[in-house]
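Contents: one structure, followed by commentary.
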Amino acid sequence: MMRYSEMFLPTGRETPSDAEVASHQLMVRAGMIRKLTSGIYSYLPLGLRVIRKVEQIVREEMNRAGAQEVFLPAAQPSELWIESGRWEMYGKELLRFKDRNMRDYCIGPTHEEVITDLVRNEIQTYRQLPRNLYQIQTKFRDEIRPRFGVMRCREFGMKDAYSFDADESGAEESYRKMFDAYTRIFERCGLGFRAVEADSGSIGGSFSHEFLVTADSGEDGMVYCIACPYAANLEKAEIPRPEAVKADPSTFLPVEEVHTPNVRTIEEVCAFLSCKPGDVVKTLLFSCDGKPVAVLIQGEEEINEIKLKNYLNAGVVELATDDVVLEVTGAPKGFAGARGIKCRIIADYSLINMKNFVMGANREDYHLKNCNFGRDFKVEAFADLRMIKEGDTCPRCGKDIRFARGIEVGHVFKLGTKYSKAMKATFLDRDGKEKLMIMGCYGIGIGRTAAACIEQNHDEEGIVWPVPLAPFHVVVTPVNINDGRLMEAGERLYRELTEAGLEVLFDDRDERAGVKFKDADLIGIPWRVTLGPKRIEEGKGEVRNRKTKSVEAMPLDGIAAFLKQEVASALDI
RNA sequence: CGGGACGUAGCGCAGCCUGGUAGCGCACCUGCCUUGGGAGCAGGGGGCCGUGGGUUCGAAUCCCGCCGUCCCGACCA
């Protein structure tokens, strides 16, 4: 039971100028969050209630799946991160600081190191495995560019779970349990989502799935097959190797060096030489852990840096600087080509059947025509290095694919022995041999889940909470608090609803009806009971559904039972 | 880190170009009136104009530095 007049719930009529997406605007307007500084937010009572709802669903499903809750430190000593190798690898996202003794620490962006340290000290035998431990903690990642409010911020609440198994099949079972738990969690939250194959990123490991809440405002792209279950993150989506047709060297035309003054981009090259992007080979120079690598790709395709990084098994992959381009090719950027280049050369599958193509000449203001593999240069290998695009087909079954956008709310990883090996998390197996524990890790963004829910559930008036995440189930709105009959009925209803197990907000403010209606719609409470002078004479109140906007006059003494039933069925999955 | 913009009352903004010590809407306080979709009238409170320096008789306004915030980019040679 909560009286609106006493609640800290500052709503706003105006859209905050720094908020771009609906969820951010509405969370601020509805009095859920306030920004402290870039990427760091305070949760107000209404926002916190929603966060608690998400957390509770997560807790119940994690417990159901056999995981146990712990609470790990946010501040972590550098020693553990040095041991895992991530003190160097993690980069600027890791917020580091020193204590009074000048020892290095970080604020945990994730907790593999801490949990692995804990478990290696306490688990010695296969009899103590498997174990799955989770926590709900505040993480800190010093994002390059925080945006979209609570969706991409620096300090954020996350549930993270870690599984430890004695063997591969056990690890796969643990992974499957988490996958199933995540599916239940997001279903219970009332979200439309899709689990897609994903890259494992800096967390590392062998394979993973992302759970994406479908939304056009989402930052992640995905593809999915119209015919089979294949679905993948854009960065992960595979492209099969095309069938190679053996090229006949007798059809190779002689190489021609062409003067192409100030012609650099693929567009300019095509215009100047009147050819198609499909006739041009783009030579991209990357610095891979500091070493230059030339990557060849067809003119109109895009390199997928994640694929490149994985193929090269590199830590850091970035486009080479102008200086490096000059050093390796002997020409300024815009004229790089594979012939005579002084570094490794790899090529994308898109080039596998190309011949007599155009390429940079490694000489300022010159390009080459009629280049050919083998004759003019050799590539180390052909690989899947490009971004999937419209027109590509499903890598599994060959049928059409669709593109969509989503918000990453959950991610499950099979880590393997990456951390147990680096940090020596071992156990003694049945056969008396010391073995590495096989790990998995599983994250859910709590605040992001709430924000994603708003992206999917709002209208012109405000948020439309699905019952499971709603901060309150019902708002009771006497239209005029100076009318004793309305207030008396309101108090009684408020008591009855609360006794029926519902979460009720009683709008006892001395405000005009219109103000109360606007606020109720804005904060998105699923049900509103309006008490007005006309209906009260008949012993009735009006029950309004926020989502459908349908209104039904109902005898006061039947409202609690009706809403109890409605809410219960909405919570049941 | 590169580019752009913006910092003036709790919020949204004007004023700056053309220097003369600050204004509008919402919100807030008091009173009257009103009471089913963000009412009306009257009165009122609130601002080192981000910060430090400079120019000037005089700076929110012009110049320089710094800090902060937001947007775009940081993959196409």
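Residue numbers begin at 1 in each chain, while the letters A, B, ... track the order of the sequences.
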Backbone N or O of Ser78(A) within a donor-acceptor pair of the Asp104(A) side chain at under 3.5 Å?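 Absent.
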Rounding to the closest angstrom, what is the interatomic distance between [N] and [M] at atom [atom1]?
{"N": "A77(B)", "M": "G12(B)", "atom1": "C1'", "value": "46 Å"}
{"N": "A22(B)", "M": "G50(B)", "atom1": "P", "value": "15 Å"}
{"N": "C48(B)", "M": "G10(B)", "atom1": "P", "value": "8 Å"}
{"N": "U61(B)", "M": "U55(B)", "atom1": "C1'", "value": "13 Å"}
{"N": "A5(B)", "M": "A39(B)", "atom1": "P", "value": "40 Å"}
{"N": "G15(B)", "M": "U35(B)", "atom1": "P", "value": "41 Å"}
{"N": "C26(B)", "M": "C17(B)", "atom1": "C1'", "value": "29 Å"}
{"N": "C16(B)", "M": "C63(B)", "atom1": "P", "value": "14 Å"}

Given [options], the nucleotide with the shortest approach to the side chain of [X]:
{"X": "Lys518(A)", "options": "G37(B), C70(B), G12(B)", "result": "G37(B)"}
{"X": "Glu461(A)", "options": "G37(B), C11(B), G38(B)", "result": "G37(B)"}
{"X": "Thr37(A)", "options": "G37(B), G38(B), U69(B)", "result": "U69(B)"}

Once you apply a heavy-atom cut-off of 4.0 Å, does [X] come out as touching a base, just sugar-phosphate, or nothing?
{"X": "Arg34(A)", "value": "nothing"}
{"X": "Arg386(A)", "value": "nothing"}
{"X": "Lys35(A)", "value": "sugar-phosphate"}
{"X": "Gly360(A)", "value": "nothing"}
{"X": "Thr15(A)", "value": "nothing"}
{"X": "Asp483(A)", "value": "nothing"}

On the nucleotide [N], are OP1 or OP2 found under 4.0 Å from the side-chain N or O atoms that [X] carries?
{"X": "Arg512(A)", "N": "U34(B)", "value": "no"}
{"X": "Ser38(A)", "N": "C70(B)", "value": "yes"}
{"X": "Ser17(A)", "N": "C13(B)", "value": "yes"}

Go ahead and name the base partner of [N]; Watson-Crick or wobble counts if both distances stay under 3.5 Å, otherwise write none.
{"N": "G40(B)", "answer": "C32(B)"}
{"N": "A9(B)", "answer": "none"}
{"N": "C70(B)", "answer": "G4(B)"}
{"N": "G19(B)", "answer": "none"}
{"N": "G65(B)", "answer": "U51(B)"}

### Nearest-0.5 Å distance that lies between atom CG in Leu522(A) and atom CG in Leu26(A)
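Answer rounded to 0.5 Å: 6.5 Å.
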Does the side-chain hydrogen bond (donor to acceptor under 3.5 Å, both in side chains) test come out yes or no for Ser287(A) and Glu318(A), once each step is laid out? CA-CA 5 Å; Ser287(A) 281; Glu318(A) 54 195 1; 5.6 Å; no
Output the rounded distance in Å from [atom1] ([X]) to [atom2] ([N]).
{"X": "Asp510(A)", "N": "C29(B)", "atom1": "CG", "atom2": "P", "value": "11 Å"}
{"X": "Asp18(A)", "N": "G10(B)", "atom1": "CG", "atom2": "P", "value": "16 Å"}
{"X": "Ile40(A)", "N": "U69(B)", "atom1": "CD1", "atom2": "C1'", "value": "13 Å"}
{"X": "Phe517(A)", "N": "A39(B)", "atom1": "CZ", "atom2": "C1'", "value": "15 Å"}
{"X": "Met487(A)", "N": "U35(B)", "atom1": "CE", "atom2": "P", "value": "18 Å"}
{"X": "Arg13(A)", "N": "C13(B)", "atom1": "CZ", "atom2": "P", "value": "16 Å"}
{"X": "Glu511(A)", "N": "U34(B)", "atom1": "CD", "atom2": "C1'", "value": "13 Å"}
{"X": "Leu36(A)", "N": "U69(B)", "atom1": "CG", "atom2": "C1'", "value": "13 Å"}

Taking donor-acceptor contacts at under 3.5 Å, does the side chain of Arg528(A) reach the base of G37(B)?
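Answer yes: a donor N or O sits under 3.5 Å from an acceptor.
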inquiry  = Suppose we call a contact any N or O donor and acceptor under 3.5 Å apart; does that hold for the side chain of Asn480(A) and the base of G36(B)?
reply    =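 Not at all, since no donor on one side and acceptor on the other fall under 3.5 Å apart.
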(message) I'd like to know whether the aromatic ring centres of Phe373(A) and Phe252(A) sit less than 6.0 Å apart in this structure.
(response)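 No - the distance between ring centres of Phe373(A) and Phe252(A) does not fall below the 6.0 Å cut-off.
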Q | salt bridge (charged side-chain N to carboxylate O under 4.0 Å, His left out) partner of Asp521(A), the single match among Lys547(A), Arg544(A), Lys549(A) | A |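 Between Asp521(A) and the candidates, salt bridge (charged side-chain N to carboxylate O under 4.0 Å, His left out) is satisfied uniquely by Arg544(A).
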Margin query: On RNA chain B, does the nearest nucleotide to Pro16(A) precede the nearest nucleotide to Gly12(A) from the 5' side, or the other way round? Give the residue.
Written below: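 Looking at the nearest nucleotide for each, Pro16(A) comes out on the 5' side.
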**Study point:** Whether over 12 other heavy atoms sit under 6.0 Å from Glu327(A) CD
**Key:**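 Atom CD in Glu327(A) is not crowded, with 12 or fewer foreign heavy atoms closer than 6.0 Å.
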*So which heavy atom on Glu235(A) is nearest to which on Asn304(A), and how close?*
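Taking every non-hydrogen atom into account, O-ND2, 2.9 Å.
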- Could you check whether the rings of Trp81(A) and Tyr90(A) sit parallel, tilted or perpendicular, using 30° and 60° as the cut-offs?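 Perpendicular, since the angle between the ring planes exceeds 60°.
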If you draw the axis of the six-membered ring of Phe156(A), does the NZ or CZ of Arg448(A) fall within 45° of it and under 6.0 Å from the ring centre?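 No, Arg448(A) and Phe156(A) do not form such a contact.
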Each nucleotide of nucleotides 72-77 of chain B classed B (base within 4.0 Å of a protein heavy atom), S (only sugar-phosphate) or -, in 5' to 3' order, makes B-BBBB
Check step by step if salt bridge (charged side-chain N to carboxylate O under 4.0 Å, His left out) holds for Arg344(A) and Glu380(A).
CA-CA 7 Å; Arg344(A) 290 175 69 179; Glu380(A) 185 182 307; 2.7 Å; yes
